[in-house]
Amino acid sequence: MTLPENSAADRTFQVDLRGLVDLLSHHLYSSPRVYLRELMQNAVDALTARRALEPRGSFGIRLYADGAVVRVEDDGVGLTEADVHTFLATIGRSSKRADKIAEQRADFIGQFGIGLLSCFLVADEIHVVSRSARTPGAPAVEWRGRGDGSYTVRTLPASARPQPGTTVTLTPRADAAEWTRPSQVHSLARHFGSLLRHPVTFEDGTSAPAVPVNPEPAPWSQTHPTPGARSRALAAYGEEVFGFKPLDTIELDLPAVGLKGIACILPEAVPSGRRHGHRVHVKGMLLSEQAPEILPDWAFFVRCVVDAESLRPTASRESLYEDDTLAAVRDALADRLRVWIAKAAASDPELLARFLQAHHLAVKSLAVHDDEILRMLLPWLPFETTDGHATLDEFARTHRTVLVTNSVEEFRQVAAIASAAGLGVVNGGYTYDRELVHRLPEVRPEIAVADLDPETLTAHLDPVDRETELAAGAYLALARDALAVFDCDVALRTFQPANAPALLVDSREARHERTRSQLAREQDGGVWGGILGALRQEVPRAQLILNQLNPLVRTAVAIEEPELARTSAEALYGQAVMLSRRPLRPAESSLINRSFLDLLAHALRKDS
């Protein structure tokens, strides 16, 4: 069976306006408070369009809230009756597109679209009275839209709107009082519109005169008598906006995209994983207070407030659209931060020192990928070393060969002994540190850098004389047997400091390899088990090095009772593991507990 020709008919989507408003409130907009931003934005765009018609005109926006109504009035381009039918009653239609103003879209904050629908988040009815400036003699027109999707349109006498422009009036619902009371409307107006270029005033229905919402231009647009006065004014603005006193303030100016603003250096360190949001205005209207995408990840030591002309907002107008322009802005602002760091390094050592003290991790992350920053700042960056926390410049003055560990654990194992042996060791276990230390010769060619391996360290430990080693032979054999389960060898040496009884030389990689080999042996039998057993000899073993200079060790190696000797060796191993501060394996925890109790029992038996 075939359908008759032309049996298909076009249909029009039926829109449930209440459902759409619910969608907006839960998924597009972060809060009902955006209704005022949308109204102010539409008013600003209307003023922009009218100024294109009358460049010398004086136009503004007036806000009113008395608890019963909220009203936004502008002197903008206005609407005709045809415009009202076309644009206010058609969801998603933009008057700017229809009037072929899309080519000049850079002059507007957004597109009319669904912005007006945000008013239904706080009111059940939107009342609009408008008069067009494009059509001389056009009457005023009234549009009433209701939350159920119905609307009415009628023309009004000229006296209803003597001058071109638009007035939008909302009668708030009871559940929206939080967002529509006079003090809140004034606060929201200041929040969103403090940097708008058109004059905006607010009245609260009392006898008090209208107050300006944006009484002063953006601080970077103002003139100041001296550079110092300008710097202090920008810092004061940053403190007012962000609530902290900046370590320094960087003025931002990117004429290609019409961006101006400031970057405030945070006075304290922040976790590297946290990205601070930045306050972004588009053509004066606040877009977002949480816009981390304006700067690269490594720039978590600053917070910015900027006003831009060419950045594109997303549909919700609460974040930035990721495009080539935003990427170029991000790169340009990153370059501006690099210039500031270079300037501080060249001319203000005190500021640089305070900056690095707070934000060395951010600079390290940048230096890894930025050769210029590496050359400028690597000698100034602090690291954990065997001489304490020091810059590489300070450390290299006393150590022409710099050794670096692979992990924090390895550094803690060897730090005291390496320091006593005169070795210069840097903890390479923290993020970026090992890679940066290895690049030190690029900045200081006279310095040699090498990884610290067990052979390098043990080569600096003095051997004991042959007689002493022979006398301790029986003890060392018992100790090796007791610690064989941990793949640990035992040796006797002399080293400083004398109060260190033992040194455990091991690495995370070696432990992982031993664990992998052990699992393979347990899972495979037969021929494979034999092969893996043969290969096991190649797996690096840990080494417990006993210090003959330590009185406790000298007493231990003289023990003749086998069980007590084994227990003392286990206790020395356990103490060395704990000093390394690495996580204990279950068998090691058990060994530490057992050896402690056995030694305690032996001491009690001896005293009784």
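For clarity, every value in this text was computed on a predicted model and none was experimentally measured. All values below come from the heavy atoms of this structure, side chains included, with hydrogens, waters and symmetry mates left out.
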Minimum heavy-atom distance [X]-[Y], with the two atoms named:
X    : Y    : result
A362 : S365 : O-OG, 2.6 Å
W340 : L351 : CZ2-CD2, 3.8 Å
A358 : P267 : CB-O, 3.9 Å
T325 : S310 : CG2-O, 3.8 Å
R585 : F486 : NH2-CD2, 3.9 Å
L546 : A502 : CD2-CB, 3.9 Å

Is the closest side-chain heavy-atom distance between [X] and [Y] below 4.5 Å?
X    : Y    : answer
K364 : T431 : no
L311 : L326 : yes
F301 : L247 : no
I417 : L461 : yes
R400 : I447 : yes
V490 : Y573 : no
L492 : V553 : yes
V577 : L504 : yes

Charged N to carboxylate O under 4.0 angstrom, [X] versus [Y]?
X    : Y    : result
E372 : R338 : no
R434 : D451 : yes
R444 : D393 : yes

**Message:** Do H191 and E289 pair up side chain to side chain, a donor and an acceptor below 3.5 Å, judged on atom types alone?
**Reply:** yes

**Message:** Looking only at the side chains, is there a donor atom on one of Y475 and S568 sitting less than 3.5 Å from an acceptor on the other?
**Reply:** yes

Quick one: does [X]'s side chain have a donor or acceptor within less than 3.5 Å of a partner on [Y]'s backbone?
X    : Y    : value
R330 : P296 : no
D248 : I265 : no
R279 : R303 : no
T494 : D462 : yes
H359 : L266 : yes
E293 : L320 : yes
R554 : Q548 : yes
K245 : A235 : no
R230 : W220 : yes
H360 : L356 : yes

**Request:** Take R412 and V408, measure what side-chain contact (heavy atoms from CB on, under 4.5 Å) needs, and give me the verdict at the end.
**Result:** CA-CA 6 Å; R412 289 170 176 167; V408 174; 3.4 Å; yes

Can you establish whether the number of heavy atoms outside [X] located under 6.0 Å from its atom [atom1] is more than 12?
X    : atom1 : answer
Y321 : OH    : no
F596 : CZ    : no
Q222 : CD    : yes
E446 : CD    : yes

**Message:** For D348, give me all partners under salt bridge (charged side-chain N to carboxylate O under 4.0 Å, His left out), at least two apart in sequence or on another chain.
**Reply:** none

**Message:** Taking the ring of F395 and the ring of F383, is the distance between their centroids below 6.0 Å?
**Reply:** no

**Request:** Answer yes if the ring centres of Y432 and W298 are under 6.0 angstrom apart, and no otherwise.
**Result:** no

**Request:** Name all residues meeting the side-chain hydrogen bond (donor to acceptor under 3.5 Å, both in side chains) criterion together with N499; count only those two or more places apart in sequence or in a different chain, and write none if there are none.
**Result:** none

Drop me the distance from [X]'s [atom1] to [Y]'s [atom2], to the nearest 0.5 angstrom.
X    : Y    : atom1 : atom2 : value
L503 : R493 : CG    : CZ    : 11.0 Å
L366 : L377 : CG    : CG    : 8.5 Å
L295 : H278 : CG    : NE2   : 4.0 Å
I545 : L572 : CD1   : CG    : 13.5 Å
R336 : I250 : CZ    : CD1   : 6.0 Å
L478 : I559 : CG    : CD1   : 10.0 Å

**Request:** Any chance you could lay out the side-chain contact (heavy atoms from CB on, under 4.5 Å) test for L423 and V414, step after step, and finish with the verdict?
**Result:** CA-CA 10 Å; L423 297 177; V414 306; over 6 Å; no

**Request:** Carefully, step by step, assess L452 and E410 under the rule side-chain contact (heavy atoms from CB on, under 4.5 Å).
**Result:** CA-CA 9 Å; L452 177 67; E410 289 178 11; over 6 Å; no

**Request:** Applying side chain to side chain contact (heavy atoms under 4.5 Å, CB included) between L252 and each of V329, I262, D307, L333, report the one that passes.
**Result:** L333

**Request:** Run the numbers on H399 and D387 for side-chain contact (heavy atoms from CB on, under 4.5 Å), then give the verdict.
**Result:** CA-CA 10 Å; H399 302 283; D387 292 350; 3.0 Å; yes

